[in-house]
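Since we're looking at a predicted model, the values are computed, not measured.
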Amino acid sequence: MNQAARRIGRTLALVLPVVLVLSGTLAVTRVPWAAPTAESQVLTASSETASTQAKAPRQAHEVLRDRLLTELQEKNPGEALTDLQTAVNGRPSLARHCAELARALGRAAVAKYGLKGAQSFARPVCDTSYAAGVAQTP
């Protein structure tokens, strides 16, 4: 009896995680993440019949980079770096682009404030990528 209970326990320990993962994956694929709108349906229909290929939508990190660079020009690199950190904390998928974004901010800061001025805004956002962008600027 005790051995039968162990066998059942081992079987459940192996099968249950697989079942949970598969059911979770299937549940996620079935959820309508965005409600279909007439506009999106029209865009889909027109894109299928268009003879020229439409311009690819911009990635989230590209939009964020443009917004941060604009903020750097209008305010200062410190505020742009704070917003970068906030954006990465809010959307972890942006973390893989964090170093690239911080280096771009560093280069833009050197262009606006000069080397010494840009260095004064350095902080450990995305490790030291901002400082690397400042240092790499010719």
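Expressed to the nearest 0.5 Å, how far CZ of Arg67 lies from CG of Leu84 amounts to 9.0 Å. The line from CD of Gln59 to OG of Ser93 is 10.0 Å long, rounded to the nearest 0.5 Å. Rounded to the nearest 0.5 Å, atoms CZ (Arg107) and CG (Leu69) are 9.0 Å apart. The distance from atom CG of Leu81 to atom CG of Asn76, rounded to the nearest 0.5 Å, is 9.0 Å.
The side chain to side chain contact (heavy atoms under 4.5 Å, CB included) with Pro77 is formed by just one residue from the set Val110, Leu68, Leu72; it is Leu72.
Every residue meeting the side-chain hydrogen bond (donor to acceptor under 3.5 Å, both in side chains) condition with Asp66, not counting sequence neighbours, appears here in chain and number order: Arg58. In this view, Arg91 satisfies the side-chain hydrogen bond (donor to acceptor under 3.5 Å, both in side chains) rule with no residue, not counting sequence neighbours.
Nearest approach of Gly78 to Arg123, heavy atoms of both residues: O-NH1, 3.2 Å. Closest non-hydrogen pair, Tyr130 versus Ala109, comes out as OH-CB, 3.2 Å. Pairing each heavy atom of Leu105 with each of Ala80, the nearest pair is CD2-CB, 4.1 Å. Considering every non-hydrogen atom in both Ala87 and Leu64, the closest pair reads CB-CD2, 3.8 Å.
Using a 4.5 Å cut-off on side-chain heavy atoms (C-beta onward), Glu100 and Arg65 make contact. Annotation: side chain of Gln85 is not in contact with side chain of Thr82 (no heavy-atom distance under 4.5 Å). A 4.5 Å side-chain heavy-atom check between Glu71 and Asp83 finds at least one atom pair inside the cut-off.
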Next item on the list: Test ring-ring contact (aromatic ring centres under 6.0 Å, His included) on Phe121 and Tyr113 and set out the steps.
Entry: CA-CA 10 Å; Phe121 291 101; Tyr113 295 99; 5.3 Å; yes

